[in-house]
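Throughout, numbering of the chain's residues begins at 1 and tracks the sequence. As the structure is a prediction and not an experimental result, all values here were calculated from the model.
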Amino acid sequence: MITEIKHELTPDQRNTLLFLTGGLKVIDSRDISEDELWNLKEFFGYNRQNPTKLLRVIIKKDVTITKICK
């Protein structure tokens with residue numbers, strides 16, 4: 001089941017996330033390394049929720065959307 005979760009980040013959190021992604025605004029988990037994927041999952045707290053597969057991250061100005069598969 002694919003779930004879309006909206007996260008309202010503070011400006012500092014958004015800047016940190018953009019730093020982690022190298023400025024990318026749409027990140028597909030198939031296009032990044034395992035270490036980068038682990039860092040994104042850790043940022044959103046998905047490493048503690050087992051098993052959660054992060055599929056995509058979409059960073060917008062007012063909201064960040066993660067698509068996960070449980």
Side-chain angles (χ1 to χ4, degrees):
M1 181 167 103
I2 296 176
T3 305
E4 189 175 282
I5 301 172
K6 294 182 180 181
H7 306 270
E8 292 187 20
L9 303 178
T10 66
D12 287 339
Q13 290 172 323
R14 185 176 182 275
N15 289 337
T16 300
L17 182 59
L18 286 171
F19 177 76
L20 285 175
T21 64
L24 295 175
K25 302 225 174 158
V26 177
I27 302 97
D28 192 318
S29 64
R30 297 173 291 184
D31 298 336
I32 59 176
S33 72
E34 288 295 320
D35 288 337
E36 292 169 321
L37 181 58
W38 189 90
N39 286 337
L40 283 175
K41 287 177 71 175
E42 188 68 21
F43 182 86
F44 290 106
Y46 295 144
N47 284 337
R48 294 181 284 278
Q49 298 173 5
N50 214 4
T52 299
K53 182 176 181 182
L54 180 62
L55 302 174
R56 183 170 287 153
V57 177
I58 303 167
I59 305 169
K60 297 182 179 183
K61 186 173 183 174
D62 56 342
V63 68
T64 299
I65 301 165
T66 55
K67 292 187 179 187
I68 61 171
C69 183
K70 285 191 175 188

Tell me the closest heavy-atom pair linking [X] and [Y], and the distance in Å.
X     : Y     : answer
Thr21 : Leu18 : OG1-O, 3.2 Å
Leu54 : Leu40 : CD2-CB, 3.8 Å
Ile27 : Leu24 : CD1-O, 3.7 Å
Gln13 : Phe43 : O-CZ, 3.5 Å

What's the separation between atom [atom1] in [X] and atom [atom2] in [Y], rounded to the nearest 0.5 Å?
X     : Y     : atom1 : atom2 : value
Leu9  : Lys61 : CG    : NZ    : 14.5 Å
Leu55 : Glu4  : CG    : CD    : 11.0 Å
Arg56 : Ile2  : CZ    : CD1   : 9.5 Å

- request: With side-chain contact (heavy atoms from CB on, under 4.5 Å) as the test, would you mind laying out the steps for Thr3 and Lys67 before giving the verdict?
  value: CA-CA 6 Å; Thr3 305; Lys67 292 187 179 187; over 6 Å; no
query: Glu36 versus Lys41: any side-chain heavy-atom pair under 4.5 Å?
result: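 When only atoms from C-beta onward are counted, Lys41 and Glu36 do not touch, as no gap falls below 4.5 Å.
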query: Would a 4.5 Å heavy-atom cut-off, applied to side chains only, mark Ile58 and Lys25 as touching?
result: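 Ile58 does not reach Lys25 side chain to side chain.
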field: Result of checking Leu20, Thr66, Leu37 against Val57 for side-chain contact (heavy atoms from CB on, under 4.5 Å)
entry: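 So, applying the side-chain contact (heavy atoms from CB on, under 4.5 Å) to Val57 and each of Leu20, Thr66, Leu37, only Thr66 qualifies.
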field: All salt bridge (charged side-chain N to carboxylate O under 4.0 Å, His left out) counterparts of Lys6, not counting sequence neighbours
entry: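 Expected list: none.
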field: Single-linkage hydrophobic cluster, 4.5 Å side-chain cutoff, Trp38 and Ile68 together
entry: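 The answer is no; the residues belong to distinct hydrophobic clusters.
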task: Just jot down the side chain to side chain donor-acceptor pair (under 3.5 Å) partners of Asp31, sequence neighbours excluded, or say none.
output: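 With sequence neighbours excluded, Asp31 shows a side chain to side chain donor-acceptor pair (under 3.5 Å) to no residue whatsoever.
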message: Using modelled atom types and a 3.5 Å cut-off, is there a donor and acceptor pairing between side-chain atoms of Arg14 and backbone atoms of Lys60?
response: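 A pair under 3.5 Å: yes.
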